[in-house]
Amino acid sequence: QVQLVESGGGLVQAGGSLRLSCAASGRTFSSYGMAWFRQAPGKEREFVAAVTWGRGSTYYADSVKGRFTISGDNVKNTVYLQMNSLKPEDTAVYYCAGAQFRSTYYLRSSYDVWGQGTQVTVSS
């Protein structure tokens, strides 16, 4: 069984930075790509950023474009999310996800494996 484990969440002031990490463990997991989603209290889980390993393509939600950067290592199935210029509206639980097959990057249903999430809180 594959597990994704996130780390790096915490409390930060508005304008600050955090770096989230996600690593796969367990049986060998060959992914087409990996992504970050987030879920704020009372809201739906939403797409944040994704990376596909084949061409190294990256995708971002409009709300984080220019502030967040996704990167990773496809051999290790490790993905990072560098978050800069954080805003209070970025407060959420952030989830890492992996997709085994080519799919629509911004859809939750495209991802086969999910982490447990890490809390990010941005104070004003």
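The figures here come from the full heavy-atom set of this structure, side chains too, leaving out hydrogens, waters and symmetry mates. Because the structure is predicted, anything quoted here is derived from the model rather than measured. Index from 1, following the sequence.
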message = To check you understand the geometry: which heavy-atom pair defines the closest contact between Leu81 and Trp36, and what is its length?
response =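 Scanning both residues completely, I find the closest heavy atoms to be CB-NE1, 3.5 Å.
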remark   = Closest non-hydrogen atoms of Gly72 and Tyr80, given as atom of the first, atom of the second and distance, are CA-CD1, 4.1 Å
request  = Could you go through the side-chain contact (heavy atoms from CB on, under 4.5 Å) check for Met34 and Leu4 one step at a time?
outcome  = CA-CA 11 Å; Met34 297 183 75; Leu4 299 180; 4.0 Å; yes
key: Residues which pass salt bridge (charged side-chain N to carboxylate O under 4.0 Å, His left out) with Arg102, listed by chain and number, not counting sequence neighbours   =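 Salt bridge (charged side-chain N to carboxylate O under 4.0 Å, His left out) check on Arg102 returns nothing, list empty.
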request  = Mind checking salt bridge (charged side-chain N to carboxylate O under 4.0 Å, His left out) for Glu46 and listing every partner two or more places apart, or none if nothing turns up?
outcome  =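 Salt bridge (charged side-chain N to carboxylate O under 4.0 Å, His left out) list for Glu46, sorted by chain: Arg38.
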task = Taking atom CD of Gln119 as the centre, report whether more than 12 heavy atoms of other residues, nucleotides or ligands fall under 6.0 Å from it.
result = yes
message = Can you pull out every side chain to side chain donor-acceptor pair (under 3.5 Å) where at least one residue sits in residues 5-26? Sequence neighbours excluded, please.
response = Ser17-Asn84
message = So does Gln100 get a backbone contact from the side chain of Asp112, meaning a donor-acceptor N/O pair under 3.5 Å?
response = yes
For Tyr60, all residues meeting side chain to side chain contact (heavy atoms under 4.5 Å, CB included), sequence neighbours excluded = Ala49, Thr58, Val64, Lys65, Thr69, Ile70
task = Would you mind listing every disulfide bond (SG atoms under 2.5 Å apart) that reaches into residues 56-124, with sequence neighbours excluded?
result =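 Residue pairs with at least one partner in residues 56-124: Cys22-Cys96.
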inquiry  = Please list all pairs meeting disulfide bond (SG atoms under 2.5 Å apart) that have one or both residues in residues 37-77, counting only residues at least two apart or in different chains.
reply    =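 Qualifying pairs, neighbours excluded: none.
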Contacts of type side chain to side chain donor-acceptor pair (under 3.5 Å), residue Gln3, not counting sequence neighbours = none
ask   = For residues 66-81, which residue pairs qualify under salt bridge (charged side-chain N to carboxylate O under 4.0 Å, His left out), counting only residues two or more places apart or in two chains?
value = Arg67-Asp90
key: With Trp114 via ring pair (Phe, Tyr, Trp, His ring centres under 6.0 Å) - residues at least two apart   = Phe37
query = Hey, any chance Tyr111 and Trp53 share a hydrophobic cluster, counting ILVMFWY side chains that come within less than 4.5 Å of each other, even indirectly?
reply = no
task = Can you run down the ring pair (Phe, Tyr, Trp, His ring centres under 6.0 Å) pairs that involve residues 88-108, sequence neighbours left out, and say none if there aren't any?
result = Phe47-Tyr105, Tyr59-Tyr105
